[in-house]
Colleague: 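Can you keep this structure in mind? I'll have questions shortly.
Chain naming here is simple, since letters A, B, ... match the order of the sequence lines and numbering starts at 1 in each.
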Amino acid sequence: MRLSRYFLPVLKEDPKEAQIVSHRLMLRAGMIKQQAAGIYSWLPLGFKVLRRIEQIVHDEQQRAGHIPMLMPTLQPADLWRESGRYDDYGEEMLRIRDRQKRDLLYGPTNEEMITDIFRSHVNSYKDLPLTLYHIQWKFRDEIRPRFGVMRGREFLMKDGYTFDLTKEDALHAYNRHLVSYLRSYERMGLQAIPMRADGGPIGGDYTHEFLVLAETGESEVFYDSHITDLTFGDRQIDYDSVEECQAVLDEFTSRYARTDETHDQAIFDQVPEERRRTARGIEVGQIFYFGTKYSEPMGATVVGPDGQRVPVHMGSHGIGVSRLLGAIIEANHDDRGIIWPEGVTPFHVGIVNLKQGDNSTDSACEAIYAELQARGLDPLYDDRDERAGAKFASMDLIGLPWRITVGPRGLASNKVELTNRRTGTSEELSPKDAIARLVQIYQPVLGLTVQDR
RNA sequence: CGGGGCGUAGCGCAGCCUGGUAGCGCGACGGUUUUGGGUACCGUAGGCCGGAGGUUCGAAUCCUCUCGCCCCGACCA
């Protein structure tokens, strides 16, 4: 993309309503625009990152064998009356009435609807196990929306639902989700720690939350520092293997890690003192096993091998997709702006032309731009007629992890500068070598697609 | 929902107490200048002072009501 043709309304000054860094930077970098309390438009740059995150979630869900679909944002109230949650959910649920005076609601989650779909079409244990998921906008009428997209009222969420014949099978589905979530977060450049959690209004007697450590997190967390040494890495897991999935869960939940909701000081005190940590965390996902909580009242049953009709064991699993942008920025920024991890960056590299209008720099930039695209990368070329300082400031703000700087001085000896946003270190390379380096850097990120399996 | 605060140009703000022709900085636009970290200068455009009612000769300013937004708290992916 050429910046002169893009829509990137960056702000030089801090909008006064933004108190935390991710909100401030998202507004300043022209990623979002607030339309009402907790409701945002996603401007092109923000939308691009949102789509990248969404794509990673899709990839990893499908890698785990989960099936994508899409349910509507508006739901009939009757389904929720059936489960009993129409009254239980409270003021957080946005209720709407249509012209025929039918009660509708803007879905805060989809257990009822998915259960309805399931019971309409699945009758036999032979159709199990089944995991369906979608990525759809949700609305929860928060008492106090704040922190930009981290606590919006309208938010994009991946929610998946598992159906199994037995509790044992359902817990394997649970473990499978834990594995796929660990992989997903790591691809986004995040460390998300699974922590034992409470059920909350979704319900469930077995549940973990995934927390990203950040000063601005809303939850207080307590953990054994050894937990942060664990990484999923590029290990290959057979998602059908009960043992392999269980082993990952065991490994990642072996150390003490809880939020204030479930914190137990007595157990925490058994962790060696030098390893005890108290911090704050942002919740970016949660997994639940809730048994027959919905299948029973809503009649989601299958005929088992013994000919008996039994309610299915269910679980639900969520990733806060739009919230993740905030969480990633909270965990990756400095005083000049955002620092995107390679896995989610809106553009892979920025090209800064130091002397726009100069024949040699212009053509060098054009050549680099074209070649990067030819090699499958997505560059942002700052071809505006601006001073170098303004271009650098914009690039730093929007946080592209790599920058190629092209100026007459370096070009005289066939050199451009390749700069890492995070470390600030630069290398002088020929344009050809700089491109080769970038291709190499992004090879693992671009290589990760489901089709490659 | 309780407590606190704010709505004046695209953004950040002053003016309000003590009523009398609506201002500053940044940004935008047109020039000149400059070209390796938000350059400098000249000029131009841009405002029903959130909305409604009231007081007054006269309201951004005083009074009443209302809408919106932010912050703290209880609640939450």
Colleague: Can you list the steps and then say if A:Arg277 with A:Asp224 is a salt bridge (Lys or Arg N to Asp or Glu O under 4.0 Å)?
Modeller: CA-CA 6 Å; A:Arg277 299 280 189 280; A:Asp224 176 342; over 6 Å; no

Colleague: Base, sugar-phosphate or nothing for A:Ala18? Non-hydrogen atoms, less than 4.0 Å.
Modeller: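 A:Ala18: no heavy atom of the nucleic acid under 4.0 Å.
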
Colleague: Rounded to the nearest Å, what distance is computed from the CG atom of residue A:Asp335 to the C1' atom of nucleotide B:G37?
Modeller: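 Spelled out: CG on A:Asp335 to C1' on B:G37 is 13 Å.
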
Colleague: Do other residues, nucleotides or ligands put more than 12 heavy atoms under 6.0 Å from A:Arg196 CZ?
Modeller: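 No, CZ of A:Arg196 has 12 or fewer neighbouring heavy atoms, counting only those of other groups under 6.0 Å.
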
Colleague: Do A:Glu54 and A:Arg51 meet the salt-bridge criterion of a basic N to acidic O distance under 4.0 Å?
Modeller: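 A salt bridge links A:Arg51 with A:Glu54.
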
Colleague: Using whole Å, report how far CZ of A:Phe147 lies from C1' of B:C72.
Modeller: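 From A:Phe147 CZ to B:C72 C1': 10 Å.
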
Colleague: Nearest whole angstrom, please: distance from the C1' of B:C71 to the NE2 of A:His23.
Modeller: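 To the nearest whole Å, that distance equals 13 Å.
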
Colleague: Would you mind classifying the nucleic acid contact of A:Gly318 as base, sugar-phosphate or nothing, using non-hydrogen atoms under 4.0 angstrom?
Modeller: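 Nothing, no nucleic acid heavy atom in range.
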
Colleague: Quote, to the nearest angstrom, the P distance that separates B:C69 from B:A28.
Modeller: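 Roughly 29 Å separates the two P atoms.
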
Colleague: Return the minimal non-hydrogen interatomic distance between A:Ser295 and A:Pro311, and the atom names on each side.
Modeller: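 The answer is OG-CB, 3.7 Å.
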
Colleague: Hey, does the side-chain of A:Asp396 have a donor or acceptor N/O within less than 3.5 Å of a partner on the base of B:G37?
Modeller: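 Yes, a donor-acceptor pair under 3.5 Å.
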
Colleague: Using the C1' atom as the reference point in each nucleotide, state the distance between B:U39 and B:G73 in Å, no decimals.
Modeller: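 Per the computed distance, 48 Å lies between those C1' atoms.
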
Colleague: Evaluate the side-chain contact (heavy atoms from CB on, under 4.5 Å) criterion for residues A:Asp169 and A:Leu128: first the C-alpha distance (whole Å), next the side-chain angles of each, then the deciding distance (0.1 Å), finally the verdict.
Modeller: CA-CA 9 Å; A:Asp169 293 345; A:Leu128 303 183; over 6 Å; no

Colleague: Can you tell me the distance, in whole Å, between the CD atom of A:Gln356 and the P atom of B:U34?
Modeller: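 Roughly 18 Å, once rounded to whole Å.
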
Colleague: Would you call A:Arg52 and A:Asp378 a salt bridge, taking side-chain N to carboxylate O under 4.0 Å as the test?
Modeller: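 Here A:Arg52 pairs with A:Asp378 in a salt bridge, since their nearest N and O are under 4.0 Å apart.
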
Colleague: Just checking A:Ala37: base, sugar-phosphate only, or nothing, at a heavy-atom cut-off of under 4.0 Å?
Modeller: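 Sugar-phosphate contact only.
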
Colleague: CD of A:Glu417 versus C1' of B:G36: gap in Å, rounded?
Modeller: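 Taking CD of A:Glu417 and C1' of B:G36, I get 8 Å after rounding.
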
Colleague: Does A:Arg387 make a side-chain donor-acceptor contact with the base of B:U34, cut-off 3.5 Å?
Modeller: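 Answer yes: a donor N or O sits under 3.5 Å from an acceptor.
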
Colleague: Which one is paired to B:U34, where only Watson-Crick or G-U wobble pairs with both distances under 3.5 angstrom count?
Modeller: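 With both distances under 3.5 Å required, B:U34 matches none.
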
Colleague: Does a nitrogen or oxygen in the side chain of A:Arg146 sit under 4.0 Å from OP1 or OP2 of B:C70?
Modeller: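 Answer no for this pair, as no side-chain N or O of A:Arg146 is under 4.0 Å from OP1 or OP2.
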
Colleague: What is the separation between atom CD on A:Glu91 and atom P on B:G2, rounded to the nearest whole Å?
Modeller: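 Nearest whole value for this atom pair: 13 Å.
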
Colleague: Side chain of A:Ala388 only, please: which of B:G37, B:G38, B:C75 is the nearest?
Modeller: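 Closest nucleotide to the A:Ala388 side chain: B:G37.
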
Colleague: Identify, between A:Pro15 and A:Lys355, the residue whose nearest nucleotide on RNA chain B lies closer to the 5' end.
Modeller: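 The 5'-side residue here is A:Pro15.
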
Colleague: Spell out yes or no: do the side chain of A:Glu13 and the base of B:G27 have one donor N/O and one acceptor N/O closer than 3.5 Å?
Modeller: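 Flag unset: no donor-acceptor pair detected.
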
Colleague: Taking the same atom, C1', in B:A60 and in B:U21, what whole-Å distance lies between them?
Modeller: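 The same atom, C1', in both gives a distance of 14 Å.
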
Colleague: NA contact type, A:Gly90, heavy-atom cut-off 4.0 Å: base, sugar-phosphate, or nothing?
Modeller: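 Here A:Gly90 touches no strand at all.
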
Colleague: Roughly how many Å is it from CG in A:Asp14 to C1' in B:G38, rounded to a whole number?
Modeller: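 The distance from CG of A:Asp14 to C1' of B:G38 comes to 14 Å, rounded to the nearest Å.
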
Colleague: For B:C1, what is the paired nucleotide under Watson-Crick or G-U wobble rules, both distances under 3.5 Å?
Modeller: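 Base-paired to B:G73.
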
Colleague: Where is the tightest heavy-atom contact between A:Ile351 and A:Cys365, given as atom of each residue plus distance?
Modeller: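 Of all heavy-atom pairs spanning A:Ile351 and A:Cys365, the closest is CG2-SG, 4.0 Å.
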
Colleague: Before giving the answer on salt bridge (Lys or Arg N to Asp or Glu O under 4.0 Å), spell out for A:Asp88 and A:Arg85 the whole-Å C-alpha distance, their side-chain angles and the decisive distance to 0.1 Å.
Modeller: CA-CA 5 Å; A:Asp88 292 350; A:Arg85 285 209 294 179; over 6 Å; no

Colleague: Quick check on B:C70: is either OP1 or OP2 less than 4.0 Å from any side-chain nitrogen or oxygen of A:Gln34?
Modeller: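 Checking A:Gln34 against B:C70: at least one side-chain N or O falls below 4.0 Å of OP1 or OP2.
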
Colleague: Quick one: is A:Lys12 getting a side-chain N or O under 4.0 Å of the B:G27 phosphate, OP1 or OP2?
Modeller: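 Checking B:G27 against A:Lys12, a side-chain N or O does come within under 4.0 Å of OP1 or OP2.
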
Colleague: Closest nucleotide of RNA chain B for A:Gly152 versus for A:Lys16: which of these residues is on the 5' side?
Modeller: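 That would be A:Lys16.
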
Colleague: Hey, is the side chain of A:Arg144 poking within less than 4.0 Å of OP1 or OP2 on B:C75, counting only N and O atoms?
Modeller: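 A:Arg144 to B:C75 OP1/OP2: no side-chain N or O under 4.0 Å.
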
Colleague: If I pick the P atom on B:U18 and the same atom on B:G30, what distance separates them, to the nearest angstrom?
Modeller: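 About 47 Å, rounded to a whole number of Å.
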
Colleague: Partner of B:U56 by Watson-Crick or G-U wobble geometry, both contacts under 3.5 Å, or none?
Modeller: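 Per the H-bond distance test, none.
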
Colleague: Provide the distance between the two P atoms, one in B:U55 and one in B:U64, to the nearest whole Å.
Modeller: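 Roughly 15 Å separates the two P atoms.
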
Colleague: Between B:C26, B:C70, B:U34, which nucleotide has the shortest distance from any of its atoms to the side chain of A:Gln19?
Modeller: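 Of B:C26, B:C70, B:U34, B:C70 is nearest to the side chain of A:Gln19.
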
Colleague: Given that both distances must come in under 3.5 Å, which nucleotide forms a Watson-Crick or G-U wobble pair with B:C17?
Modeller: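 Matched B:C17 with nothing under the 3.5 Å cut-off.
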
Colleague: For B:G51 versus B:U61, give the span between their P atoms, rounded off to a whole number of Å.
Modeller: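 So the two P atoms sit 10 Å from each other.
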
Colleague: Any N or O donor-acceptor pair linking the side chain of A:Glu386 to the base of B:G38 at under 3.5 Å?
Modeller: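 Absent.
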
Colleague: Taking atom C1' of B:U34 as reference, at what distance in whole Å does atom CZ of A:Arg384 sit?
Modeller: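 So the CZ-C1' distance, A:Arg384 to B:U34, works out to 17 Å.
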
Colleague: Please tell me which of the listed nucleotides, B:G36, B:G73, B:C26, lies nearest to the side chain of A:Thr405?
Modeller: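 Of the options given, the side chain of A:Thr405 lies nearest B:G36.
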
Colleague: Which base, if any, makes a Watson-Crick or G-U wobble pair with B:U61, both distances under 3.5 Å?
Modeller: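 The answer is none; no pair meets the criterion.
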
Colleague: Going by purine N1 to pyrimidine N3 plus the second Watson-Crick contact, or the G-U wobble pair, all under 3.5 Å, which nucleotide sits opposite B:C11?
Modeller: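 Its partner is B:G25 (Watson-Crick or G-U wobble, both distances under 3.5 Å).
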
Colleague: How many angstroms lie between CD1 in A:Ile404 and CG in A:Asn353, if you round to the nearest 0.5 Å?
Modeller: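 Result: 12.0 Å between the selected atoms.
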
Colleague: Can you check the distance between B:G4 and B:A74, where both ends of the measurement are the C1' atom (answer in whole Å)?
Modeller: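 Per the computed distance, 16 Å lies between those C1' atoms.
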
Colleague: What does A:Ile143 touch in the nucleic acid at a heavy-atom separation under 4.0 angstrom: a base, only the sugar-phosphate, or nothing?
Modeller: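 Touches a base.
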
Colleague: Between B:A14 and B:G47, how far apart are the two C1' atoms, rounded to whole Å?
Modeller: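 Between the two C1' atoms, the distance is 15 Å.
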
Colleague: Check every strand shown and say whether A:Arg403 touches a base, only sugar-phosphate, or nothing at a heavy-atom separation below 4.0 Å.
Modeller: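 Since a base atom lies under 4.0 Å of A:Arg403, the category is base.
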
